[in-house]
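Heads up: the structure comes next, in structure tokens.
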Number of protein chains: 2
Amino acid sequence: MTKIFENIDAKNKYKLLRSFRADTYNFKKNTSIINTVIDPNTICFIIKGSVKIIRNNENGNANIFDKLDDNELFGSTLYNLNDIDYDVITLEDTELIITNYNDIVKYQGKNKLYTVFIKNLFMIYNDKIKSLNERINIISKKTIRNKLLEFFNLHFKKNNSRNIYIPFSYQSFADYLCIDRTAMSRELKNLKDEGFIKITGKRITLLYK
Amino acid sequence: MTKIFENIDAKNKYKLLRSFRADTYNFKKNTSIINTVIDPNTICFIIKGSVKIIRNNENGNANIFDKLDDNELFGSTLYNLNDIDYDVITLEDTELIITNYNDIVKYQGKNKLYTVFIKNLFMIYNDKIKSLNERINIISKKTIRNKLLEFFNLHFKKNNSRNIYIPFSYQSFADYLCIDRTAMSRELKNLKDEGFIKITGKRITLLYK
DNA sequence: ATTAAAATGTTGCAATTGCAACAATACAAT
DNA sequence: ATTGTATTGTTGCAATTGCAACATTTTAAT
């Protein structure tokens, strides 16, 4: 995945960010910052620390949707934060630089540095669109088994590995696939009993093909 | 929805496109152009004419996924064209200008015109991400009824209208919702019989709330 | 080490769904 | 107007699923 400051050194990073009329914010650990970042034109760069994007699913459970570290960026649109049941919480003391599209695009000191930055930003958008399309391809399958197999196949194609580590919890995984956790659990057991996969905690090993 | 040449007049449009080291292509009506546009870095601007993006669903039916007119743009990533069962077909004699990210981003004549163009491009990406998130929100609902109601509610919020015109066919609509067409038909009938909606051909009228 | 809390696993059951097979209707071409 | 084709509607049925209720295991806290 492209990082926003890829090929940009620290000195230039701050030079760029300063020029965008951006503001610096500091938050303590475990603070909800959704209200600061919800504006649809906002883009937030994580300078120090990390945040998690969580979502309350229909059962009312707060599930981790994503975890973002320093040098990563997020925005309302990228993570659908306008949706009522999302929240953004700092995982540690965190420093953000917050700006918006207009200020980034209007930046006048056009140079190599800026070009690299804009290119990285496009690539991040591209990656996001790709991953959303990917998820749609998975959840568009009609049965739980086919959703799982589509997920496995995609993982295999991308990582060339038969070992899949479930990030976060099985509940979050089920939410990603838009299915009931216990029904997924049942189907994983079926796949295991039929010899297609092996399950060791949060590692699933593909035994087929 | 943002158009790529919004706030850019025709003269400047061509000036911009020429400067991106872009090539012009002409296609006859009803030509498959997927092979010309499939490269993931490609961006295609429709100068004249129109194209449809189609997708062969699991039943083997080719469904219209989207229809794009002149002054619109598309690209492999934006429409997931790498996926094996997509195709792009011209609906009339069509002229395209095809370029790629690198050439757009590296463009050196930085000026107001270019700024507007880049801003429009970002907005289109933003719109795309929004609409993908929207679709995921809809298809993540667990029952056909809830998918339909979520779609209706979103439509109502966005258009402030109780009349919904189904674009393309009911089959395409079912594909968008990732459900079986006949099961959807049954559920629409239920909603009708229970007095929630009225159906007149491809117009659905919301009677609730 | 003990206890509490959170996460994961299991299972019966009713509701929902996909699928197949077919009927009815709308649309297009001559 | 007639014929053929594509789209939409209907329905029975078996398979799948969500849900609830509960058991077991893992993790975290003291």
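The chains referred to below are lettered A, B, ... by the order of the sequence lines, with proteins before strands, and numbering in each begins at 1.
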Could you walk me through whether Asn100(A) and Thr42(A) pass the side chain to side chain donor-acceptor pair (under 3.5 Å) test, one step at a time?
-> CA-CA 4 Å; Asn100(A) 66 64; Thr42(A) 287; over 6 Å; no
Cationic tip of Arg135(A) above Tyr176(A) ring, under 6.0 Å, 45° of axis = yes
Side-chain contact check for Thr182(B): nearest option of dT10(C), dT17(C), dA21(C) is dA21(C)
Whole angstrom value for the distance that separates C1' of dT16(C) from NZ of Lys142(A) = 14 Å
Ignoring hydrogens and angles, answer whether the base of dG18(C) and the side-chain atoms of Arg181(B) contain a donor-acceptor pair closer than 3.5 Å.
-> no
Does OP1 or OP2 of dT8(C) have a side-chain N or O of Lys202(A) closer than 4.0 Å?
-> yes
Lys/Arg N to Asp/Glu carboxylate O, Lys158(A) vs Glu134(A), below 4.0 Å = yes
What is the distance, rounded to the nearest whole Å, between atom CD1 of Ile199(B) and atom C1' of dT10(D)?
-> 13 Å
Asp193(A) CG to dT11(C) P: how many Å, rounded?
-> 10 Å
Position toward the 5' end of DNA chain C (nearest nucleotide), Arg186(A) or Thr143(A) | Arg186(A)
Determine the minimum heavy-atom distance between Ile138(A) and Leu154(A), stating which atoms define it.
-> CD1-CD2, 4.0 Å
Length of the NZ-C1' vector between Lys147(B) and dG18(D), whole Å | 12 Å
Do the side-chain N and O atoms of Asn163(B) and Ser161(B) include a donor-acceptor pair separated by under 3.5 angstrom?
-> no
Over how many whole Å does the gap from Phe168(A) atom CZ to dA6(C) atom C1' extend?
-> 17 Å
Comparing nearest nucleotides in DNA chain C, the 5'-proximal residue of the pair Ile144(B), Leu188(A) is Leu188(A)
Side chain of Ser169(A): nearest nucleotide among dT8(C), dT8(D), dA20(D)?
-> dT8(C)
Lys189(A) NZ to dT25(D) P: how many Å, rounded?
-> 14 Å
Identify which nucleotide among dC19(D), dG18(C), dG9(C) has an atom closest to any side-chain atom of Ala183(B), counting heavy atoms from C-beta outward.
-> dG18(C)
Value in whole Å for how far the P atom of dC19(D) lies from CD1 of Ile179(A) = 12 Å
Would you mind reading off the distance between Asn146(B) atom CG and dT16(C) atom C1', rounded to a whole angstrom?
-> 12 Å
